[in-house]
There are 2 protein chains.
Amino acid sequence: MQPTREKILDAVFELVYVYGYNGTSMSMILKKCEIPKGSLYHYFKSKKEMVLVVIEERLAPSMNAFYDFTNDGNKHPLDVLIDAINKVATKKQLVLYGCPLNRLNQEMSPIDKDFEAAITIIYKHMRAKIIILLGGANLQTNTNILAEFVIATVWGALSLSPAQSSEERYLDTVTPLINYLITLK
Amino acid sequence: MQPTREKILDAVFELVYVYGYNGTSMSMILKKCEIPKGSLYHYFKSKKEMVLVVIEERLAPSMNAFYDFTNDGNKHPLDVLIDAINKVATKKQLVLYGCPLNRLNQEMSPIDKDFEAAITIIYKHMRAKIIILLGGANLQTNTNILAEFVIATVWGALSLSPAQSSEERYLDTVTPLINYLITLK
DNA sequence: ATAACAATAGACCATTCAGTCTAATTGAAG
DNA sequence: CTTCAATTAGACTGAATGGTCTATTGTTAT
């Protein structure tokens, strides 16, 4: 069986992803984990501190996994990037709820410096990986700007009304992005 | 002096924009308006109903104003669109907090059907206006997809970490989008 | 002037919130 | 077995939540 602390982090990650920080209550978390309150507060001293741990131990790894391009050997960097963009479509939760980092960012960054800082670190790490990847392509374009553009477009595409969200719609929305990237080769 | 009902709607719009639906309490609203609770509940029967009214009477008009292209006479449709994209940079609040429709969408659409419906109506209306605009350009591309791509990219660019948000950064992020649009002429 | 309704005023309510506290239970080390 | 800390357990707290209720004040029509 999963250790209590890990069980809590998993539950908090999922609940905050869907309901947001302010939309997730401690009682929802306790119910989902089926643990007593004393256990939770034994591991974490407050709700905020707990979610900050979730950002580090759950959100950061899941984002980094997505932008880990080290395996791709001799492909053109832009094709590696395009593959990553397409791969997003296969993750049902992403298509349905959007990027968890972006969601939390929009909710919390404007109102809490600690969240903003934690989220910004992950964002910059992602962006750095893309910039490094694109660096190997000798493009005419500014790769810093290009990396940010790609992230913005993917995040935006994932945030379009969940009402009609689907794998196809995401891929449609992202088609011009891919067309543009191809022209840069 | 502004009528009470309008004063409430303005305050709720601003507070929900920054703090989100769940992050905005009735007491925050009452404090900002400096009105007693009885007045507020005289005009609105609940928090939810009140915010739905804000969506209709404040959010929808402010979004529609942005995508009203009727005035531009003989310009190329793509230039009209590019102007609109650039104009976003001049709105400090947009650059700082992101698109209010997108923010509310991400927070509420996954968890409340009524919010999702109200937000989707505004979104579709915006998109329709862009599609009509692009229709006058006889492009080789699918204008439906292109419209969604543009909205996604702008929303995404506005959502990138508020920590370093600025007019310049937004314009940078959006540069590849504009470059791409120019190639379609 | 008075009736009738709209609007203001804020005390009050049940519930939920995040968080505390003490006690019981477990598990590992000696 | 005993000791001692880690963990589980959940009753409890004070503050904040969204919402109700009754009383008062303004305004307008007759």
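Every heavy atom of this structure was used, including side-chain atoms; hydrogens, water molecules and symmetry mates were not. Below, chains carry the letters A, B, ... as their sequence lines are ordered, and counting in each starts from 1. Model, not experiment: these values are computed from the prediction.
- Within the 4.0 angstrom heavy-atom criterion, base atoms lie near Lys37(A).
- Residue Asn22(B) contributes atom CG, which lies 18 Å from atom P of dA16(D) at whole-angstrom precision.
- The separation between Leu30(B) atom CG and dG19(D) atom P is 12 Å, rounded to whole Å.
- Side chain of Ser39(B), nearest nucleotide from dT8(D), dT17(D), dT8(C): dT8(C).
- Classification of the Phe69(A)-Tyr67(A) ring pair by plane angle, with boundaries at 30° and 60°, yields perpendicular.
- For the pair Leu52(A) CG and dA18(C) P, the computed distance is 15 Å after rounding to whole Å.
- Using a 4.5 Å cut-off between side-chain heavy atoms of Ile, Leu, Val, Met, Phe, Trp and Tyr, with links allowed through other members, Leu133(B) and Ile182(B) fall into the same hydrophobic cluster.
- Atoms CG and CZ, from Asn142(B) and Phe149(B) in turn, are 13.0 Å apart once rounded to the nearest 0.5 Å.
- Between His42(B) and dA7(C), a side-chain N or O to OP1/OP2 separation shorter than 4.0 Å is present.
- For dC17(C), the OP1/OP2 oxygens have a side-chain nitrogen or oxygen of Ser27(A) closer than 4.0 Å.
- Salt-bridge check for Glu107(B) with Arg103(A): failed, with every basic side-chain N at 4.0 Å or more from each acidic carboxylate O.
- The CD atom of Glu49(A) sits 14 Å away from the C1' atom of dA18(C) (whole-angstrom rounding).
- If you measure from atom NZ of Lys45(B) to atom P of dA7(C), you get 18 Å, rounded to the nearest angstrom.
- Atom OH in Tyr19(B) sits about 13 Å away from atom P in dT17(D), given to the nearest Å.
- Between Glu14(A) and Arg58(A) there is no salt bridge, since none of the side-chain N atoms of the basic residue sits less than 4.0 Å from a carboxylate O of the acidic one.
- Closest-nucleotide positions on DNA chain C for Lys47(A) and Ile35(B) were compared, and the one nearer the 5' end corresponds to Ile35(B).
- In this structure, Met26(B) places its CE atom 10 Å from P of dT20(D), rounding to the nearest Å.
- Considering only side-chain N and O atoms, Ser25(B) lies nowhere under 4.0 angstrom from the phosphate OP1 or OP2 of dA16(D).
- Regarding contacts with the backbone of dT8(D), a side-chain N or O of Tyr43(A) is found under 4.0 angstrom from either OP1 or OP2.
- Within the structure, a side-chain polar atom (N or O) of Thr4(B) is placed less than 4.0 Å from OP1 or OP2 of dT8(C).
- Whole-Å rounding puts the Ile29(A) CD1 to dC17(C) P distance at 10 Å.
- Taking the side chain of Tyr41(A) as heavy atoms from C-beta on, and the options dG18(D), dG10(C), dG19(C), the nearest nucleotide is dG19(C).
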